[in-house]
Colleague: 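Here you go, one structure.
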Number of protein chains: 2
Amino acid sequence: MAKSKTREPVSRERAIRVAVTLADATGIEALSMRKLATELGIEAMSLYYHVKSKDDILDGMLDVVYSEFSTPRAGDEWRTAMHERAESMRRVLAQHHWAISIKTRTSPGPETLGHLDSVIGCLRAAGFSMPLAGHAMSILDSYVHGFAQQEASLPLDSSGDIGGATKDVKAQQEQITQAFPNLADMAVSLILQPGYAYGHEFDFGLKLILDGIAAAQAVETANP
Amino acid sequence: MAKSKTREPVSRERAIRVAVTLADATGIEALSMRKLATELGIEAMSLYYHVKSKDDILDGMLDVVYSEFSTPRAGDEWRTAMHERAESMRRVLAQHHWAISIKTRTSPGPETLGHLDSVIGCLRAAGFSMPLAGHAMSILDSYVHGFAQQEASLPLDSSGDIGGATKDVKAQQEQITQAFPNLADMAVSLILQPGYAYGHEFDFGLKLILDGIAAAQAVETANP
DNA sequence: TATCCGACCTTACGCCGTACGGTTAGCATT
DNA sequence: AATGCTAACCGTACGGCGTAAGGTCGGATA
């Protein structure tokens with residue numbers, strides 16, 4: 001430990017910040033009040049002086065995640081702004097892999113609200129009607145969060161081979177190949193191919209969606 | 001092999017089935033081995049005779065969810081098949097609202113594998129190349145899962161008013177309105193409007209994505 | 001009759017979140 | 001110097017969790 005004389009005081013902000021790095025390192029299910037308190041150099045119950053409950057910490061952590069998203073500025077061109085936002089979201093959600101499993105949370109924090117406000121502002125400034133702005137945000141957010149979720153639920157190692165016992169696995173795989181031929185075909189002829197990485201799929205979908213939104217906006221501006 | 005029918009025996013299947021209905025009713029975080037055992041009429045540890053672990057149950061529950069998705073048949077027209085699949089997924093995921101928060105799971109079950117195999121088969125039979133089939137599935141699944149996630153994290157009651165103390169809430173809302181004007185604008189001029197329901201956003205996005213996939217396929221078939 | 005075994009139970013361990021009630025150090029006021 | 005206040009932290013305890021290890025017992029089988 002660095003400072004021995006006076007320990008850096010614990011605050012809600014610091015507790016949440018440490019909780020984020022701890023969850024990044026060991027996963028969200030390993031984040032307990034006791035472990036977090038130990039990391040902060042205090043006892044478990046002392047956390048409750050700074051923080052209302054564990055849910056309070058979780059809410060704060062989600063707000064930290066939103067604060068790391070790329071937030072569009074007022075005059076930005078909408079397509080590049082949305083593109084960059086989407087890519088930053090994917091990047092951040094991949095780094096804080098626990099965030100997507102917390103996403104089922106209420107009460108958004110100030111960073112979250114500010115971010116969303118800016119996104120709406122950017123689209124509106126670009127001439128989007130309110131309903132179209134709603135549509136655009138809904139589809140973009142759904143896609144990005146869903147993709148991050150898919151990506152997080154993939155088998156972790158990138159190696160094509162599956163480690164462990166060889167004979168059993170081989171026999172089992174042969175059975176799977178027969179029972180699910182299309183799946184097996186996709187595995188060998190696409191996913192296990194040298195250059196393939198699931199992350200690349202993101203760009204295809206993002207471009208498709210942005211094209212669709214652009215088309216919808218073109219229709220809208222043509223028929224005011 | 002005559003069997004005395006003194007009482008319905010507990011099996012892995014029945015345990016998982018009951019776990020699903022219990023999670024539907026009380027949420028996934030309230031599903032414990034003890035509660036599930038009580039529901040089945042046995043003691044907690046007796047579950048471990050039928051089931052490997054709690055994770056085993058969770059895996060089984062997810063497989064049940066997949067079994068409820070609409071699975072395309074061999075000769076189906078791809079667009080209608082994908083449309084129906086997507087809508088059924090949204091419906092099922094909304095009913096089993098716990099499923100999206102479990103989604104971060106490995107080892108897919110047989111129903112899951114079979115479903116995915118059929119989806120790939122449908123797209124391939126419709127002339128999709130393997131990479132395009134991968135793209136289509138990736139974007140559709142990401143969108144649908146992401147939308148279900150968004151939908152699940154909305155405030156629960158559909159009433160426009162927020163219950164509870166009136167004065168504090170009103171003062172707080174005024175502050176929010178000033179700090180996040182675009183958000184407030186969208187709230188009053190779109191979301192709180194009489195006819196609005198977030199679920200309607202689904203159709204816009206789904207049509208947009210299916211249009212985009214159709215366009216990509218048209219390009220592909222034109223340039224073989 | 002003797003054996004076995006599927007199906008269930010009991011006990012115990014080490015985690016978890018947190019309610020409740022101290023204790024201490026630093027400071028302002030008297 | 002004595003008093004009192006408050007922010008910051010600690011100890012104990014409770015009920016609940018997943019599950020390892022081993023026990024029990026009635027019916028099927030040899």
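By convention in this document, chain letters (A, B, ...) are assigned in the order of the sequence lines, proteins followed by strands, and residues within each chain are numbered from 1. Heavy atoms only: backbone and side chains are in, while hydrogens, waters and symmetry mates are out. Values in this document were obtained by computation on a predicted structure and should not be read as measured data.
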Colleague: Please report how far the helix from C/dT1-D/dA30 to C/dT30-D/dA1 bends, comparing the axis fitted to its first five pairs with the axis fitted to its last five, to the nearest 10 degrees.
Modeller: 10°

Colleague: Is B/S138 reaching over with its side chain to a backbone N or O of B/G134, donor-acceptor style, under 3.5 angstrom?
Modeller: no

Colleague: In whole Å, what is the span from the NZ atom of A/K54 to the P atom of D/dG16?
Modeller: 18 Å

Colleague: Does the side chain of A/V64 reach to within under 4.5 Å of the side chain of A/R17, using non-hydrogen atoms?
Modeller: no

Colleague: Is it the case that the side chain of A/K35 and the backbone of A/A30 share a donor-acceptor pair, with hydrogens and angles ignored and the cut-off at 3.5 Å?
Modeller: yes

Colleague: Rounding to a whole Å, what distance do you find between B/I42:CD1 and C/dG6:C1'?
Modeller: 13 Å

Colleague: Taking the nucleotide of DNA chain C with the nearest heavy atom to each, does A/A44 or B/H50 sit closer to the 5' end?
Modeller: B/H50

Colleague: In whole angstrom, give the distance that lies between atom CG of A/L47 and atom C1' of C/dA19.
Modeller: 15 Å

Colleague: Any side-chain to backbone donor/acceptor pair from B/S142 onto B/I139? Under 3.5 Å, distance only.
Modeller: no

Colleague: By a strict heavy-atom criterion of less than 4.0 Å, which residues belonging to residues 23-33 of chain B are in contact with DNA chain D?
Modeller: B/L31, B/S32, B/M33

Colleague: B/S46 or A/M45: which one's nearest nucleotide on DNA chain C is closer to the 5' end?
Modeller: B/S46

Colleague: Mind running a 4.0 Å heavy-atom check of residues 15-22 of chain B against DNA chain D and sending the residues that fall below it, in number order?
Modeller: none

Colleague: Where does the angle between the aromatic ring planes of A/Y66 and A/H145 fall among parallel (under 30°), tilted (30 to 60°) and perpendicular (over 60°)?
Modeller: tilted

Colleague: Going by the rule salt bridge (Lys or Arg N to Asp or Glu O under 4.0 Å), which residues pair with B/D185 if we only count those two or more places apart in sequence or in a different chain?
Modeller: none

Colleague: Under 3.5 Å, is there a donor-acceptor pair between the side chain of A/S153 and the main chain of A/Q150?
Modeller: yes

Colleague: For the side chain of B/R34 and the base of D/dG16, is some donor closer than 3.5 Å to an acceptor across the two?
Modeller: no

Colleague: Side chains of A/L206 and A/L140: does their closest heavy-atom pair fall under 4.5 Å?
Modeller: yes

Colleague: Nearest whole Å is fine: how far is C/dG22 C1' from A/Y48 OH?
Modeller: 18 Å

Colleague: Hey, is CD on A/E87 packed in by over 12 heavy atoms from elsewhere, all under 6.0 Å?
Modeller: yes

Colleague: Under 3.5 Å, which donor-acceptor pairs link side chains of residues 44-52 of chain B to any protein atom two or more places apart or in another chain?
Modeller:
{"from": "B/H50", "atom 1": "ND1", "to": "B/V10", "atom 2": "O", "distance (Å)": "3.0"}
{"from": "B/H50", "atom 1": "NE2", "to": "B/V10", "atom 2": "O", "distance (Å)": "3.4"}

Colleague: Nearest whole angstrom, please: distance from the C1' of D/dA8 to the OH of A/Y49.
Modeller: 6 Å

Colleague: Rounded to whole angstroms, how far apart are CD on A/E43 and C1' on C/dG17?
Modeller: 15 Å

Colleague: Using the test ring-ring contact (aromatic ring centres under 6.0 Å, His included), find all partners of A/H135 that sit at least two apart in sequence or belong to another chain.
Modeller: B/F204

Colleague: Mind checking B/K35 for me? I need base, sugar-phosphate or nothing, with any heavy atom below 4.0 Å counting as a touch.
Modeller: sugar-phosphate

Colleague: Can you measure A/I57 atom CD1 to C/dC16 atom C1' for me and round it to whole angstrom units?
Modeller: 14 Å

Colleague: Starting at atom NZ of A/K52, determine the distance to atom P of C/dA19, rounded to an integer number of angstrom.
Modeller: 10 Å

Colleague: Between A/I16 and A/R12, is any pair of side-chain heavy atoms under 4.5 Å apart?
Modeller: yes

